[in-house]
Amino acid sequence: MTSPFKNVEQSFALARERYAAFGVDVDRALQHLGSIPISLHCWQGDDIGGFENTGSELGGGLAVTGNYPGRARTPDELRADVDKALALIPGTHRFNLHASYAETGGKKVERDALEPAHFQRWIDWAKAKGMGLDFNPTYFAHPRAADGLTLAHPDPAIRRFWIDHGIVCRKIGAAFGKALGTACVTNVWIPDGMKDSPIDRKSPRQRLAESLDAIFAEPIDHKFNLDAVEGKLFGLGSESYVVGSHEFYYSYAVSRKTLLCLDAGHYHPTEVLSDKISAVLSVLDEILLHVSRGVRWDSDHVVILSDELEAIAQELVRGDFLGRVHIGLDFFDASINRVAAWVIGARCMIKALLIALLEPTPTLRQLEAEGNYTARLALLEELKTLPFGAIWDHYCQSSKVPVGPAWIDAVKRYEAEVLAKRS
Ligand code: RNT
Ligand code: ZN
């Protein structure tokens, strides 16, 4: 790709010198950056629609707003859209599927009967790209989730159905891991909760713990599949009570040795993921992040390069946690071009990691150890105006993806040629 910016390499050389003056090895930072996969979530491409046609509403407290044209209507369209997005994002990444994206060849297959074969085309596609897959059982948009209760439902038959769904999904995850040579993270999130205050907060949680134990009963080699559980503070329709709250899943993950999934939009607005990472990793081996952006009461806006995103990336780097943290994106916005939404979120996540990798952390650590908080604060603020953008542009150019806003034109062309023709 020829860049419209002729001076990318000149700017890079100068910027690299500036960082070297702070003791930062830019080449090492870039090498490290290239090895960090971000798991791109399938559901941004089609507003969490999936391909089952159950006739059920999305439900589960999930609401996608906007009616921007061009939503992917078929798995082939979705794959083409992701291909487009990936061509505009530097690095090699992963893709995160929900069970509702199965391809059953027009046959109705219930969620408790799904098999790896129903994801063969996804596997082939990922394999051809050298990309890993992650997975999620789908506990919403289904008649048996219509009560707003699934694994915690008081009806044992409904619970059994959802337990069996969880069981088959772990097998599908393991098949992904085996086929692609990289462990699949299979993440359980359920919508269970109540709009108004329940009398009995205890029983649904006991049932959830039992259901999860039944799902995870069969050991699966961690080389192929890793189980994660995701809590939440509240959802639409579960404002007063969420069965799978943070405390529930944190203690569950600790005692059952599963991964914990922390979603950036699932806490009180003044709580931040960046402070939770080192806390939970003091006890847990590995975690999954759902990098998202909360806005007031809503949790799933497109990720931008916010202070909190930078803080999350800094924690991952400063704590040397990258080998223990699986980074996934989780947002859905139907009011803008959906391919662009992926590109914006993923590029911002990578930018945040790059900024963190370009930090002279040992120097800052030293200042802190000496109790020199004045210099720590002063240096942190000086670092903010270092020419990070020149390093980022070089990274994009050397990764053969568009430099700067050039990717926007690529998305616009794709919109005119492909997306606009979808009804
Ligand atoms: C919902 C959770 C969950 C979903 C996806 C679609 O609040 O964040 O991760 O966004 O499973
Ligand atoms: Zn999430």
Side-chain angles (χ1 to χ4, degrees), residues 38-50 57-66 68 96 98 100 134 136-141 145 148 150 185 187-195 228-250 253 259-277 280 287-313 315 325-336 338 341-342 344-346 348-349 352:
I38 310 297
S39 197
L40 229 66
H41 53 312
C42 68
W43 51 93
Q44 168 58 59
D46 73 331
D47 312 341
I48 333 184
E57 278 185 20
L58 185 55
L62 301 167
V64 186
T65 46
Y68 200 88
N96 189 9
H98 246 283
S100 53
D134 296 307
N136 305 261
T138 308
Y139 289 103
F140 49 81
T150 61
V185 180
N187 177 52
V188 172
W189 173 77
I190 61 165
D192 299 33
M194 291 204 178
K195 185 180 179 70
V229 290
E230 177 183 9
K232 189 169 179 172
L233 179 64
F234 78 94
L236 291 173
S238 63
E239 289 86 355
S240 302
Y241 172 68
V242 169
V243 183
S245 59
H246 176 64
E247 288 73 12
F248 176 90
Y249 280 122
Y250 184 34
L259 275 67
L260 181 69
C261 171
L262 302 176
D263 183 310
H266 285 189
Y267 297 90
H268 286 277
T270 57
E271 279 185 75
V272 281
L273 267 206
S274 51
D275 185 48
K276 296 183 189 298
I277 294 168
V280 300
I287 58 171
L288 167 65
L289 294 186
H290 269 188
V291 181
S292 188
R293 177 167 55 105
V295 175
R296 302 191 191 278
W297 51 268
D298 192 25
S299 71
D300 291 291
H301 288 247
V302 178
V303 164
I304 57 172
L305 189 57
S306 60
D307 285 354
E308 173 55 9
L309 187 70
E310 287 192 43
I312 289 171
E315 271 306 301
V325 177
H326 304 260
I327 305 173
L329 301 179
D330 181 10
F331 50 78
F332 26 93
D333 189 341
S335 73
I336 61 172
R338 294 170 184 79
W342 269 320
I344 294 165
C348 285
M349 184 70 241

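Throughout, residue positions are numbered sequentially from 1 according to the sequence presented.
- Under the 4.5 Å side-chain criterion, counting only non-hydrogen atoms from C-beta, H290 is not in contact with H266.
- Put simply, the side chain of S39 never gets that close to the backbone of I327: no donor and acceptor are under 3.5 Å apart.
- A donor-acceptor pair under 3.5 Å is formed between the side chain of E308 and the backbone N or O of S274.
- The backbone N or O of F332 sits nowhere less than 3.5 Å from a side-chain atom of D300 that would complete a donor-acceptor pair.
- Put simply, the side chain of D263 does not reach to within 4.5 Å of the side chain of W189, judged on heavy atoms.
- In this structure, the side chains of I304 and L309 stay at 4.5 Å or more apart for every pair of heavy atoms.
- Rounding to the nearest 0.5 angstrom, the gap separating the CG atom in D47 from the OG atom in S335 is 10.0 Å.
- When side chains are defined from C-beta on, Y267 counts as touching L262, because their heavy atoms get closer than 4.5 Å.
- In this view, F331 and H41 satisfy the ring-ring contact (aromatic ring centres under 6.0 Å, His included) rule, not counting sequence neighbours.
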Would you check, one step at a time, whether the test side chain to side chain contact (heavy atoms under 4.5 Å, CB included) holds for V188 with Y139?
CA-CA 9 Å; V188 172; Y139 289 103; 4.0 Å; yes
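- Annotation for A63 and L236: closest pair CB-CD1, 3.8 Å, computed over non-hydrogen atoms.
- I38 places a side-chain heavy atom less than 4.5 Å from the side chain of L329.
- Residues D330 and S292 bring no donor and acceptor atom of their side chains to less than 3.5 Å of each other.
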